[in-house]
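Structure, as structure tokens:
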Amino acid sequence: MPGSPRRADRGPHQRALAAKLAALADGAPPWGRWPSAAPARRGLDRMPPIDIDPAAITGTPLERNALMAQRLAKVHALRQAAAGVAYPNDFAPSHTAAQAMHWFSSDPVHLHPFVALEQGAPMDLERPPPAGAPVVFSPRVHMAGRVLAINVKGKVAFLRVIDRTAAELPGLRAAENRARVATGLPERDVQVPTFQFYFSRDDDPDTFDRLFKPTEGAPWEGPLCDVGDIVGGEGLWFRTRTGEQSLWLKSAAGRPALRILTKAVRPLPDKFHGLADKETRLRQRYVDLVMNQDVREIFRKRSMVLRGVRRFLDDRGYVEVETPMMHTSLGGAAARPFRTHHNALDMPLYLRIAPELHLKRLVVGGIERVYEINRNFRNEGLSQRHNPEFTMLEFYRAYATYTDLMDEVEALIAELALQVCGSTTVHWGSEAGGTPREIRLAAPFARVRIADGLQRWAGIAEAGLGDERVLRARAAELGVHIDGHATLGKVQVELFEAVAEPHLVQPTFVYEYPAETSPLARRNDRDGGVVDRFELFIGGIEISNAFSELNDPVDQYQRFAHQLDQRAKGDEETMDLDIDYVRALEYGMPPAAGCGIGIDRLVMLLSGAESIREVILFPHMRPEGAGGGERPSAEPAPVAG
RNA sequence: GGGCCGGUAGCUCAGUCGGUAGAGCAGCAGACUUUUAAUCUGUUGGUCGAGGGUUCGAUUCCCUCCCGGCUCACCA
């Protein structure tokens, strides 16, 4: 149904816009006046991929989108106006929003609206400040950021702008609010991540009109500035009538008061509802970060967690190392791997499932306290708690036992909670009713043996703990699925985790694991059937796994051999026999204990995120448009015409 | 992989018991010199995820497929 007739009644502006866009689509230059003659109505009816300036944007996949076509035309207009430079890089901000705001927040005098005068400048006798208004001398301030809202009100415009200090502004505003209330002023909304540009047309009429008003005869006759653009402005810091600290844009030395530094040719999502679609949020994380402040906050906290972990361990004499991510044999954990291939050597490689065996080689070598924070890769299902690649901290400490590490982990987590959340009490997850759980991360944490948990939560009598048939029968009663290949120890652990995890909301060390499920852990001196190992559960999920290390090379060799037996019986998650690791142990590894902590999960806990994908910037997703479907190809859009 | 729910304008969402769709925001235009989700007025914009079937007619009903969310199972 080409040429739909219902468009015939569009008004003069729409006709002009259609003509404008049609001209662009035909490759005609976008400058010049709108044609007065009735244009051919085709631009908006069948908009081809638009390529306004092939030299600048060839190769960019552009969509059939009138909004983008307009903005590309604005880019062209900007280029015309700036001697060919549409994306300048000569603007140097002098202040961030936080710096500028901090500058005036502490002084009660400045809490009231005032007139700003440029430092060193003579009083403008033609425009003297109103009688009684306080006058403050401001330095010339240059600030930049992304425009999140434009509010043009007659001959004055307000821009909400966000810069890298967005996360600090609520804190500054809160402090300012306290001072305001103390001086009898009304409170203001604190949770505002943006700062404000104030632009009065009187201060730079040309720039004002070009950016915010339609201008007949200009290369693009509409306003050039849109929400999403990255702008730089200069002027004086002051406080508006309503008490909002703002940059009062004023031109100087012939420079425009406000410049578009980067034109956003793709529009941002709805300024109020923001970006809600979960898929788009994760795939286009850059938009998510622009629109959603809580997302920025999560990753700020993640950075703080990593910094805090490093500081904690560095202060205790640990050395940070990096060990290979590509392994020739599987070890250090029970998991299925990703496989890859080295072409020149023509050999298979695995992405590592754990760094453990390399780190303990370093302990053999005399790095008695060592840690690594890096990615592990496990070829298993995805879930709220699992991403194929995840960040793991592992640290090893000679002359220490797993109970020593319990103390160390308690101290680490409590300290991180204080640094990141300001409290050892955090709120995380939701119970059935939807209320967040309060989790107390102050030491000491509860400690519970596997055997105790089985008795308490699965109702197994003490006599039945060692009887695989009893355990399997109880598991079946409880509806807990247990793998048919599982041996006694594995049945114990699986049943325990199934029944106990709901009870492990507050931090709890679970310990005394069966030896057969822990081929790298040291046997308990009194009971050789269990190993000196713990897992730390918080919020019902496993955060950490640690044990006293097995340093008896003969025992280690036999445990590897047992793993191979298990594999022969069908267990897919067994370790390879790492003969070089045994050789290392033969040289002698000091008694030691080691610990792994899932950083992603720890960040979830400390940031309140319920899904691991919320705390990973780019979580694994299927490739966009995988398997059929009509997706824009990655090839350059054909030039129109 | 199984189950449940979903895909409608650039964004957030309504709606159509089968007769080719609406709102708010964004855009365009008008008014407005201290707003802050500004307001008021007018207006543009849609292959209703893709393909096939039934039908005079499908965005709606049926089938298949694609994509996503939640969830179960393995795993940290």
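Below, chains carry the letters A, B, ... as their sequence lines are ordered, and counting in each starts from 1. Worth knowing before you read on, the calculation uses all heavy atoms, side chains too, and leaves out hydrogens, waters and symmetry mates. Remember, it's a predicted structure, so these values are computed and weren't measured experimentally.
Rounded to whole Å, the separation between the P atoms of B/G7 and B/U12 comes to 13 Å. Annotation: B/G53 and B/G18 have their C1' atoms spaced 15 Å apart (nearest Å). For the C1' atoms, the distance from B/G42 to B/G57 is 35 Å, rounded to whole Å. Look at the P atom in both B/G27 and B/C67: the space between them is 35 Å, to the nearest Å. A distance of about 29 Å separates the C1' atoms of B/G10 and B/G19, rounded to the whole Å. Of the C1' atoms belonging to B/G24 and B/U44, the separation is 16 Å, rounded to the nearest Å. Comparing B/G51 with B/U8, their P atoms are spaced 16 Å from each other, to the whole Å.
Stem analysis of RNA chain B (at least three stacked-register Watson-Crick or G-U pairs, each with both distances under 3.5 Å) gives B:1-7 with B:66-72, B:10-13 with B:22-25, B:27-31 with B:39-43, B:49-53 with B:61-65.
A/Q70 has its CD atom 14 Å from the P atom of B/U44, to the nearest Å. Taking atom CD of A/Q196 as the reference point, atom C1' of B/U34 lies 8 Å away to the nearest angstrom. A straight line from CD of A/E279 to C1' of B/C11 spans 15 Å, rounded to a whole angstrom. A/D226 places its CG atom 11 Å from the P atom of B/A29, with the value rounded to the nearest Å. For A/F212 and B/A38, the CZ to C1' distance is 15 Å, given to the nearest whole Å. If you take NZ of A/K153 and C1' of B/A37, they are 16 Å apart, rounded to a whole angstrom. Protein atom CG of A/D270 is 14 Å distant from nucleotide atom P of B/A9, rounded to whole Å. To the nearest angstrom, P of B/A26 lies 12 Å from CG of A/L67.
Contacts of A/D226 classified as salt bridge (charged side-chain N to carboxylate O under 4.0 Å, His left out), with partners at least two apart in sequence or in another chain: A/R71, A/K74, A/K263. The side chain to side chain contact (heavy atoms under 4.5 Å, CB included) search around A/R375 returns A/M325, A/F377, A/E389, A/T391, not counting sequence neighbours. In this structure A/V136 satisfies the side chain to side chain contact (heavy atoms under 4.5 Å, CB included) test together with A/F104, A/H110, A/F114, sequence neighbours excluded. Remark: A/T574 pairs with A/Q563, A/Q566, A/R567, A/D571 by the side chain to side chain contact (heavy atoms under 4.5 Å, CB included) rule, at least two apart or across chains. A/D204 meets the salt bridge (charged side-chain N to carboxylate O under 4.0 Å, His left out) test with no other residue; sequence neighbours excluded. Scanning for side chain to side chain contact (heavy atoms under 4.5 Å, CB included) contacts around A/R241 gives an empty result, with sequence neighbours left out. With sequence neighbours excluded, no residue satisfies salt bridge (charged side-chain N to carboxylate O under 4.0 Å, His left out) with A/R378. Remark: A/D270 pairs with no residue by the salt bridge (charged side-chain N to carboxylate O under 4.0 Å, His left out) rule, at least two apart or across chains. The ring pair (Phe, Tyr, Trp, His ring centres under 6.0 Å) check on A/F496 picks up nothing, with sequence neighbours excluded.
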Inset, instruction - Let me have a per-nucleotide readout for nucleotides 70-76 of chain B, 5' to 3', with B, S or -, counting only protein heavy atoms under 4.0 Å. - result: -S-SBBB
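The aromatic rings of A/F208 and A/F199 stand perpendicular to each other, their planes meeting at an angle above 60°, with 30° marking the opposite boundary.
Checking the phosphate oxygens (OP1, OP2) of B/A26, a side-chain nitrogen or oxygen of A/K271 falls inside 4.0 Å. In this structure, A/R283 reaches the B/G68 phosphate: one of its side-chain N or O atoms is under 4.0 Å from OP1 or OP2.
Remark on RNA chain B: of its neighbouring residues A/E244 and A/G274, the 5'-side contact belongs to A/G274, judged by nearest-heavy-atom nucleotide. For the pair A/D277 and A/K213, nearest-nucleotide mapping onto RNA chain B gives the more 5' position to A/D277.
Among the nucleotides B/C13, B/U33, B/G24, the one closest to any side-chain atom of A/K155 is B/U33.
The one candidate from A/L606, A/L605, A/I538 that meets the side-chain contact (heavy atoms from CB on, under 4.5 Å) condition with A/W428 is A/L605.
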Please list each protein N or O that sits under 3.5 Å from an N or O in nucleotides 2-4 of chain B, with the distance.
none

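Between A/D600 and A/R302 a salt bridge is recorded (basic side-chain N to carboxylate O distance below 4.0 Å). One finds no salt bridge joining A/K278 and A/E614 here, because no Lys/Arg side-chain nitrogen approaches an Asp/Glu carboxylate oxygen to under 4.0 Å.
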